[in-house]
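In what follows, chains are A, B, ... by sequence order, proteins preceding strands, each numbered from 1.
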Amino acid sequence: DVKVTQSSRYLVKRTGEKVFLECVQDMDHENMFWYRQDPGLGLRLIYFSYDVKMKEKGDIPEGYSVSREKKERFSLILESASTNQTSMYLCASGSGMETQYFGPGTRLLVL
Amino acid sequence: AQRVTQPEKLLSVFKGAPVELKCNYSYSGSPELFWYVQYSRQRLQLLLRHISRESIKGFTADLNKGETSFHLKKPFAQEEDSAMYYCALSGQGNTPLVFGKGTRLSVIA
């Protein structure tokens with residue numbers, strides 16, 4: 001069974017804080033993804049990575065950065081959290097770009 | 001540009017009634033289409049992909065290239081089908097999936 005885990009299920013942060021969201025997968029997948037999920041907007045791709053130390057911007061990268069130092073770990077960083085970044089964040093991994101395995105999500109509230 | 005449109009945000013049907021979740025896409029090449037599902041308090045997961053041509057949990061979806069559609073169908077809805085459904089498209093090359101905005105299916109007993 002593919003396992004994608006995310007470091008926190010719920011997070012509450014203050015405006016301006018630096019926020020780290022961690023994602024780990026145990027299936028040796030090359031590709032990893034970060035999405036945010038908002039009602040009425042669906043899933044929007046923030047960043048993805050197809051190899052260690054490689055990253056590509058998705059549709060909404062502004063205000064975010066990522067880090068992939070090891071194949072199994074993909075971190076999403078909010079450099080200075082803002083209230084409009086309150087959302088559900090989903091991590092996913094896959095051996096190709098098609099079938100993706102998702103983590104349970106991190107619900108982030110920025111006050 | 002690749003685009004996936006799910007015209008219904010919410011679809012409510014009675015138990016035992018047929019279900020059709022609509023999905024239209026925009027892509028100039030030969031796409032691969034997928035349906036993902038998220039049940040309450042569970043993670044998003046793949047339901048089916050068009051190249052498999054399989055039925056999962058009674059759901060089927062046929063790719064209609066003429067109408068650029070990939071509608072998800074089930075002849076008799078069950079309460080446990082209540083969930084959020086996302087249609088997704090994969091284009092050629094090493095590009096990520098493009099998701100629609102999702103349709104919430106509510107099956108009423």
Side-chain angles (χ1 to χ4, degrees), chain A residues 1-10 23-27 29-51 54-61 66 68 74 87-107, chain B residues 1-11 21-25 27 29-52 54 56 61 63 70 83-106:
Chain A
D1 234 13
V2 176
K3 259 305 190 162
V4 180
T5 57
Q6 296 182 228
S7 51
S8 306
R9 293 301 300 270
Y10 302 95
C23 175
V24 177
Q25 51 98 0
D26 66 356
M27 284 302 292
H29 287 156
E30 292 82 15
N31 302 304
M32 296 188 75
F33 310 84
W34 275 107
Y35 296 87
R36 60 179 284 176
Q37 182 182 33
D38 299 288
L41 297 177
L43 276 87
R44 293 180 291 168
L45 181 65
I46 305 172
Y47 268 97
F48 65 101
S49 168
Y50 51 89
D51 202 352
M54 304 303 288
K55 60 185 180 184
E56 293 281 345
K57 292 180 180 179
D59 300 316
I60 52 163
V66 291
R68 191 157 181 210
F74 192 34
S87 185
M88 172 69 89
Y89 289 89
L90 300 182
C91 175
S93 74
S95 55
M97 284 289 178
E98 307 94 13
T99 305
Q100 295 181 16
Y101 298 89
F102 284 84
T106 296
R107 189 169 292 282
Chain B
Q2 302 174 19
R3 187 179 298 129
V4 176
T5 303
Q6 294 179 249
E8 302 137 331
K9 284 188 179 179
L10 174 65
L11 182 64
L21 297 163
K22 291 184 167 50
C23 172
N24 290 91
Y25 67 89
Y27 182 64
S30 293
E32 283 194 53
L33 275 298
F34 306 80
W35 277 99
Y36 280 77
V37 61
Q38 188 172 29
Y39 301 103
S40 179
R41 287 186 285 278
Q42 294 188 28
R43 62 185 69 195
L44 194 62
Q45 59 187 291
L46 178 67
L47 179 63
L48 56 80
R49 53 194 302 175
H50 89 272
I51 60 170
S52 301
E54 56 193 346
I56 304 291
L63 179 60
F70 188 58
M84 193 73 177
Y85 291 81
Y86 292 96
C87 182
L89 176 153
S90 174
Q92 293 171 338
N94 207 28
T95 56
L97 288 173
V98 175
F99 285 87
K101 293 185 178 180
T103 298
R104 181 169 297 282
L105 175 65
S106 176

A:Gln37 versus chain B, heavy atoms under 4.5 Å apart: side chain, backbone, both or neither? side chain
Checked A:Ala92, A:Pro39, A:Gly105, A:Gly40 vs chain B; the most non-hydrogen pairs under 4.5 Å come from A:Gly40
I'd like to know which of B:Arg49, B:Met84, B:Glu32 tops the heavy-atom pair count under 4.5 Å against chain A. B:Arg49
Go through the structure and list residues passing side-chain contact (heavy atoms from CB on, under 4.5 Å) with A:Asp59, not counting sequence neighbours. A:Leu45
Please identify each residue that fulfils side-chain contact (heavy atoms from CB on, under 4.5 Å) with B:Lys9, with sequence neighbours left out. none
Ignoring hydrogens, what is the shortest heavy-atom contact between A:Phe48 and B:Pro96? Give both atom names and the distance. CE2-CG, 3.5 Å
Per-residue contact mode, B:Gln6 against chain A (heavy atom under 4.5 angstrom): neither
Kindly compute the distance separating OH (A:Tyr101) from CD (B:Gln45), expressed to the nearest 0.5 Å. 11.0 Å
Could you check whether any side-chain N or O of B:Arg43 sits under 3.5 Å from a backbone N or O of A:Val4, counting only pairs where one atom can act as donor and the other as acceptor? yes
Examine distances only and state if a side-chain atom of B:Tyr36 and a backbone atom of A:Gln100 form a donor-acceptor pair shorter than 3.5 Å. yes
Taking the side chain as C-beta and beyond, is there a heavy-atom pair between A:Leu43 and B:Leu44 under 4.5 Å? yes
For the CZ atom on B:Arg104, are there more than 12 heavy atoms of other groups (residues, nucleotides or ligands in this structure) within a distance under 6.0 Å? no
